Amino acid sequence: MPDVKQGAKLFELAKDAMNKAYVPYSHFPVGAAILTASGKRYSGCNVENAAYPEGTCAEAGAIAAMVLDGETQIQDIYVIGKGDGLVTPCGGCRQKIREFSSVDTKVHICGAEGVRKSLTLNELLPFSFGPENLEQAS
Ligand code: THU
């Protein structure tokens, strides 16, 4: 768990990203912010498309920014959306996060007021398939 100051910074980054989302079709903005094991931060928002399946999720945007900067270890990821429910990463995003996760990678689900629930990636995606599976096969 990031310390209070780091957590607040990540929450703000995710919220700022959510406010930049391009969502003319769903009107459902989502923001994500990553803290890497090395202490760096990246954020992303969902970007929709008139060809609906081509839209990308907030988590995917944050992961792309992280990889572009040469980082590959997600320590924590904050996800924020609108409404009273838990805006948990979709199935595809759970797998995308999995690629860059460790056993203690945490996903913090946020609402307007702050973090609503913190889960390990393993809780969201148990018995997951990852890079190790490919390594074991060769
Ligand atoms: N969305 C995300 O950005 N992340 C998720 O994990 C859940 C869904 C976006 C995709 C789409 O632009 C909108 O939320 C409604 O599904």
Side-chain angles (χ1 to χ4, degrees):
M1 190 81 180
D3 65 31
V4 175
K5 208 172 148 194
Q6 182 75 276
K9 179 82 191 158
L10 287 153
F11 173 75
E12 286 305 318
L13 267 180
K15 197 169 75 172
D16 289 349
M18 177 181 72
N19 289 330
K20 289 184 175 160
Y22 177 76
V23 288
Y25 308 108
S26 73
H27 305 286
F28 191 80
V30 181
I34 289 170
L35 176 68
T36 64
S38 63
K40 292 192 170 179
R41 295 182 289 256
Y42 305 93
S43 60
C45 61
N46 50 338
V47 180
E48 297 184 345
N49 194 284
Y52 294 173
E54 297 305 323
T56 52
C57 286
E59 297 90 327
I63 288 170
M66 174 187 78
V67 171
L68 182 62
D69 198 40
E71 294 285 325
T72 54
Q73 284 296 309
I74 300 175
Q75 186 67 48
D76 296 271
I77 178 164
Y78 286 63
V79 180
I80 183 170
K82 304 273 185 189
D84 296 331
L86 290 177
V87 178
T88 49
C90 74
C93 284
R94 293 177 197 202
Q95 185 65 36
K96 288 184 178 79
I97 296 165
R98 166 66 178 87
E99 184 72 16
F100 304 104
S101 70
S102 64
V103 281
D104 60 1
T105 295
K106 303 237 174 13
V107 182
H108 307 279
I109 314 302
C110 307
E113 75 287 0
V115 176
R116 288 184 181 159
K117 198 168 184 64
S118 295
L119 296 157
T120 62
L121 179 68
N122 192 52
E123 288 175 296
L124 285 168
L125 194 68
F127 299 104
S128 65
F129 184 89
E132 309 79 31
N133 294 85
L134 296 179
E135 283 158 21
Q136 282 160 19
S138 56

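Because the structure is predicted, anything quoted here is derived from the model rather than measured. Order of appearance sets the numbers: ligands from 1, and atoms from 1 within every ligand.
A distance of 9.0 Å separates CD in Gln95 from OG in Ser101, rounded to the nearest 0.5 Å. The CD atom of Gln73 lies 9.0 Å from the OG1 atom of Thr36; values are rounded to the nearest 0.5 Å.
Other residues, nucleotides and ligands place no more than 12 heavy atoms under 6.0 Å from the CG atom of Asp84.
Protein residues are said to neighbour a ligand when one of their heavy atoms lies under 4.0 Å from it; for ligand 1 these are Ser26, Phe28, Val30, Asn46, Glu48, Cys57, Ala58, Glu59, Thr88, Pro89, Cys90.
For the side-chain hydrogen bond (donor to acceptor under 3.5 Å, both in side chains) criterion with Asp76, the lone passing option out of His108, Lys106, Arg41, Gln6 is His108.
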side-chain contact (heavy atoms from CB on, under 4.5 Å) between Thr88 and Val79, intermediate numbers included: CA-CA 7 Å; Thr88 49; Val79 180; over 6 Å; no

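Look at Glu132 and Arg98 and you find a salt bridge, because one of the NZ, NE, NH1 or NH2 atoms lies within 4.0 Å of a carboxylate O, short of that distance.
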